[in-house]
Amino acid sequence: MSQRLTYMDNGATAKVSKEILEAMQPYYRELYGNASSTHKLGRDAKQALEDSRKIIADSINASPREIVFTSGGTESNNFAIKSIAFTNRAKGNHIITTKVEHKCVLRSCKWLESQGFKVTYLDVDSKGFISPEVLEAAITKDTILVSILHGNNEVGTINDLEALGKICKKHNVYFHTDACQSYTKTDINVKKQNIDLITLNSHKIHGPKGVGALYIRSGVKIEPWQHGGDHEFGMRAGTENIHGVVGFAKAVQLASNKQHIETMTLLRDKLISGVLKTIPDAKLNGPTGNKRLCNNINFSFKAVEGEAIGGYLDQKGICSSTGSACSEKTLEPSYVLTALGLSNEEANGSLRLTLSRFTTEAEVDYVLTELPKIITKLRRMSPLTKAIDYVLTKSN
Ligand SMILES: Cc1ncc(COP(=O)(O)O)c(C=O)c1O
């Protein structure tokens, strides 16, 4: 019998659900028109595009005219940050972000520094939160943009957008947030939270890869970044990915069921308390309770390497990650975990498990059975354990 697969890497990407695939299929085979064409197939594509836009807009209390479809979170973040910077350069050249953003935000900011912009990278507290006071203190007369992650992809911290947005509004500075991990998992209301731009994507919520959106509040001064045809209100050129946006919108509709959040929260907390109870020297990274993404778990285990845990879990059919999928190929400790104050050893001993609404209790129980055995085995083999034992016996 082939080994069952237990997928706990939904923070990297999530499977496309059956209903979403079925919603998309007609747009590959029958309704394949170009939304710019004036014939029937073109008009049908345009209708699907606008229906999808309305679903995304309603989900964050925006108007459809404020939603620009993109190829995903990376493009939306690049577009928002670089384009706001260049469009508003006459007003100032200072941008504020944080040390724990996704790489596509950090590298966009680094590149802007090479173009003459000044960037402040804010510190976070030990749970990964950005303090509104720290943000306010960093704003200068030259600040044009603040870009702060909503839900942290590694440790699940949910920042208080309303408090941060209020400060940006008070100082007349644009506020952008990357909500790729939090979208549909916690409330987003662009008006209540004073958000000017928000990055959304589809593949973390069971929609297809390669599609996302940027909300741009009406009145925000921003030039297009990608030039070509007049697509997306002239804000993002390129033939629209109709099957993609249809799948994205269907994913948003299906994710609006709050029961999913409750179920993921229960399973998350069962897994967290089970691990902390059964594995000595295990530490949860990030916050607890409703300020943590309902599907995110991140531990550090003393005297073991996260990479090794991931490898052994993989042999048991359990998909996990150490740090974020994008940085896993480097051997550097995660910059997010070190920003939270973890030592290199703690950061290297980290493991991220991310659930989805398809995660079952049986899968959680399976991880709770296998993970303690793996940690025990690795600790027996670990030179770090031997070093710690040696120090302990020497000092006794
Ligand atoms: C917080 C965050 N922002 C941005 C991205 C990039 O999104 P995409 O994969 O759609 O380009 C990711 C995905 O890993 C993410 O977790």
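One is the number of the first residue; the rest follow in order along the sequence. Order of appearance sets the numbers: ligands from 1, and atoms from 1 within every ligand.
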Among all residues two or more places apart in sequence or in another chain, which pass the ring pair (Phe, Tyr, Trp, His ring centres under 6.0 Å) test with Y121? none
Atoms of ligand 1 close to K204 [distance to a heavy atom under 4.0 angstrom, numbered from 1]: 12 (C), 13 (C), 14 (O), 16 (O)
Ring centroid separation for H243 and Y32, is it under 6.0 angstrom? no
Going by the 4.0 angstrom heavy-atom rule, the piece of T74 near ligand 1 is both
Nearest heavy-atom neighbours spanning G286 and L340: N-CD2, 4.2 Å
Quick note on ligand 1: atoms under 4.0 Å from a heavy atom of N201 include exactly 7 (O), 8 (P), 10 (O)
In terms of heavy-atom contacts, L164 and P132 come closest through CD2-CA, 3.9 Å
Hey, mind stepping through F86 and F117 against ring-ring contact (aromatic ring centres under 6.0 Å, His included) and telling me if it holds? CA-CA 9 Å; F86 280 99; F117 290 90; 5.2 Å; yes
Counting heavy atoms under 4.0 Å, the part of H203 that contacts ligand 1 is side chain
Checking the N or O distance criterion of under 3.5 Å, is ligand 1 in contact with G73? yes
Heteroatom distance test (Q181, ligand 1): nitrogen or oxygen, under 3.5 angstrom: yes
Using the side-chain contact (heavy atoms from CB on, under 4.5 Å) criterion, which residues pair with T288? Sequence neighbours excluded. L284
Within the 4.0 Å heavy-atom shell around G72, which atoms of ligand 1 are there? 10 (O)
Close-contact set for ligand 1 against D178 heavy atoms, below 4.0 Å: 1 (C), 2 (C), 3 (N), 4 (C)
Could you check whether the rings of F358 and H206 sit parallel, tilted or perpendicular, using 30° and 60° as the cut-offs? perpendicular
Which part of L149 is near ligand 1, with near meaning a heavy atom under 4.0 Å away: side chain, backbone, both or neither? side chain
